[in-house]
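Chain letters run A, B, ... following the sequence lines, proteins first and then strands; every chain starts at 1.
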Protein chains: 2
Amino acid sequence: MTDGPEGAPRRPRLSRELVLHAALRLVDEQGLEALTMRRLGQELGRDPMALYRYATNRAALLDGVAELVLAQLVISADTPDWQEQLRRAAHQFRQLALAHPNVVPLIVTRPLATPLALRPIGTLRPLEQMLELLIAAGYPPVRALHLYRSYWGLLHGHVLNELQEVVVDPEATDALLRLGLDRLPPEEFPRLRGLAKALLAGYDGAAALDESLDLLLNGLQAVEQQAPAPGSRRRRAAPPARR
Amino acid sequence: MTDGPEGAPRRPRLSRELVLHAALRLVDEQGLEALTMRRLGQELGRDPMALYRYATNRAALLDGVAELVLAQLVISADTPDWQEQLRRAAHQFRQLALAHPNVVPLIVTRPLATPLALRPIGTLRPLEQMLELLIAAGYPPVRALHLYRSYWGLLHGHVLNELQEVVVDPEATDALLRLGLDRLPPEEFPRLRGLAKALLAGYDGAAALDESLDLLLNGLQAVEQQAPAPGSRRRRAAPPARR
DNA sequence: ACGTAGCGTCTACACCGTAGACACGTTGAG
DNA sequence: CTCAACGTGTCTACGGTGTAGACGCTACGT
């Protein structure tokens with residue numbers, strides 16, 4: 001708001017914050033491909049080259065956007081119920097992903113290009129907080145690290161899952177789905193076709209996330225029999241580990 | 001046909017297969033950004049515009065590459081031990097990801113742009129096979145779908161995790177890691193810094209994957225005790241017990 | 001033999017990231 | 001107050017990109 005798309009004389013001094021926020025807005029509204037040095041420059045009423053004072057690269061700009069979103073995630077380690085805390089963080093992450101679906105590919109993918117130790121600090125903070133939480137819950141640090149990886153992987157996986165279920169135009173879904181399913185040879189895809197109504201029924205992301213978290217936490221509890229147990233109390237059958 | 005006298009430049013007739021394989025090779029060897037219509041054209045000794053006969057888009061080309069890799073995944077539903085089958089498929093997927101790391105972003109990310117029903121068939125086949133496997137194991141279809149989602153999410157998450165642990169130059173890792181960790185304010189990142197040696201110790205991806213699978217399968221088993229029991233009911237039964 | 005349909009090419013255009021030189025306003029030292 | 005240094009934004013330019021559209025060519029069905 002506040003002005004037309006072009007020729008706006010308004011020009012506050014640039015700053016990294018300002019640039020990144022404009023970039024995020026652009027990505028949110030028009031997708032990743034729209035985040036272009038030229039377009040962002042125009043959005044800010046500046047020459048595209050000005051941006052290079054605040055991000056050495058387009059790639060760096062992308063990292064900045066991802067960091068901006070991820071930094072909103074706060075995991076506090078002060079609650080006694082760490083499992084609840086894990087769930088809360090998971091849902092928080094999910095909400096962030098839903099609020100910025102176009103940024104999700106960056107979040108899950110950009111780290112592939114950057115070794116852990118060199119990642120932006122805002123990205124590492126959730127990791128640290130998560131470790132703190134798990135260690136406070138009684139897990140030995142190395143195990144906490146492993147657990148963190150499983151948990152984070154679950155989150156990334158879930159969010160990717162859910163986002164591809166989201167449909168822009170819910171009205172067109174029906175026709176689209178049938179159209180798509182009819183295309184599939186029935187003898188080769190009987191199961192998938194049989195699930196048409198379930199696929200049409202929509203997708204409760206929060207419930208699905210909880211389901212996956214249940215699996216993880218229950219599994220964790222089941223595995224604890226052979227490993228030092230943290231703050232949980234129940235015990236049951238002990239399956240042997242493999243490989 | 002088409003076997004004429006071999007001239008100076010060899011130019012077999014193009015085909016979608018041929019184009020996609022060349023594209024995959026390019027991505028494998030030089031990364032995603034190197035997959036450019038012009039470069040691919042040059043690679044094939046053809047005008048870039050020729051490619052548009054076999055892929056309507058660069059985006060379609062990317063989808064094709066992802067499909068090409070994913071289609072190599074085969075899940076057979078004929079084994080009685082479905083859990084073992086799940087593990088096998090997971091490790092197979094992991095191997096594919098390791099063999100084509102540059103394609104992984106496509107695999108996890110491209111579906112976001114395409115509603116499920118319109119995805120390339122090669123991409124849907126693993127889904128169908130997986131559903132068949134779970135349903136044969138006794139799960140009701142809808143539950144099988146949910147389970148599939150958790151499982152597939154876990155796979156994507158794990159692979160993303162593992163790939164960002166991979167280091168191009170293992171010798172430089174040490175210095176790099178220390179450099180990076182030293183950068184972090186000690187009072188803000190005590191846990192992370194404390195895990196330096198664990199991070200340096202390297203990452204056993206297969207083991208980590210098994211660990212995550214253990215969590216999922218054990219959790220599944222644990223949940224079954226309170227929910228309507230799937231595993232042991234149907235005719236082609238496979239009890240939830242693990243070896 | 002001849003149309004014809006598909007494959008490949010050529011040209012052209014709008015857009016992209018970014019290197020490098022440069023103009024300008026601010027600031028701090030003398 | 002002067003002036004040099006510096007940080008900020010601008011301008012120009014270059015090589016690369018995706019792809020629309022018209023066009024030639026070759027192979028093939030008839």
Leu32(B) CG - dG18(D) P separation (whole Å): 13 Å
Whether Thr36(A) contacts dG17(C) is assessed here as follows: a side-chain N or O lying under 4.0 Å from the phosphate OP1 or OP2. Is that the case? yes
Inspect the contact between Arg149(A) and Glu165(B) and indicate whether a charged nitrogen and a carboxylate oxygen are less than 4.0 angstrom apart. yes
Contact list please: residues 47-69 of chain A against DNA chain D, heavy atoms, distance less than 4.0 Å, in numerical order. Asp47(A), Met49(A), Ala50(A), Arg53(A), Tyr54(A)
Using whole Å, report how far CD of Gln42(B) lies from P of dG18(D). 13 Å
Could you check how far CG of Leu14(B) sits from P of dG6(C), rounded to whole Å? 17 Å
State whether the side chain of Arg193(A) and the backbone N or O of Leu184(A) hold a donor-acceptor pair below 3.5 Å, judged by distance alone. yes
Interatomic distance where CG belongs to Leu35(A) and C1' belongs to dC15(C) [whole Å]: 15 Å
Leu154(A) versus Leu209(A): any side-chain heavy-atom pair under 4.5 Å? yes
I'd like to know whether CD of Glu29(A) has more than 12 heavy-atom contacts from other residues, nucleotides or ligands below 6.0 angstrom. yes
Integer-rounded Å distance: dC16(C) P and Met37(B) CE: 18 Å
Side chain to side chain contact (heavy atoms under 4.5 Å, CB included) assessment of Asn57(B) paired with Asp63(B): CA-CA 10 Å; Asn57(B) 252 351; Asp63(B) 286 339; over 6 Å; no
Atom CZ of Arg13(A) and atom P of dT10(D): how far apart are they, to the nearest Å? 12 Å
Can you check the Arg38(A) CZ to dG9(D) C1' distance for me, whole Å? 16 Å
Atom CG of Leu40(B) and atom C1' of dT9(C): how far apart are they, to the nearest Å? 16 Å
Residues Glu188(B), Arg125(A): salt bridge by 4.0 Å N-O rule: yes
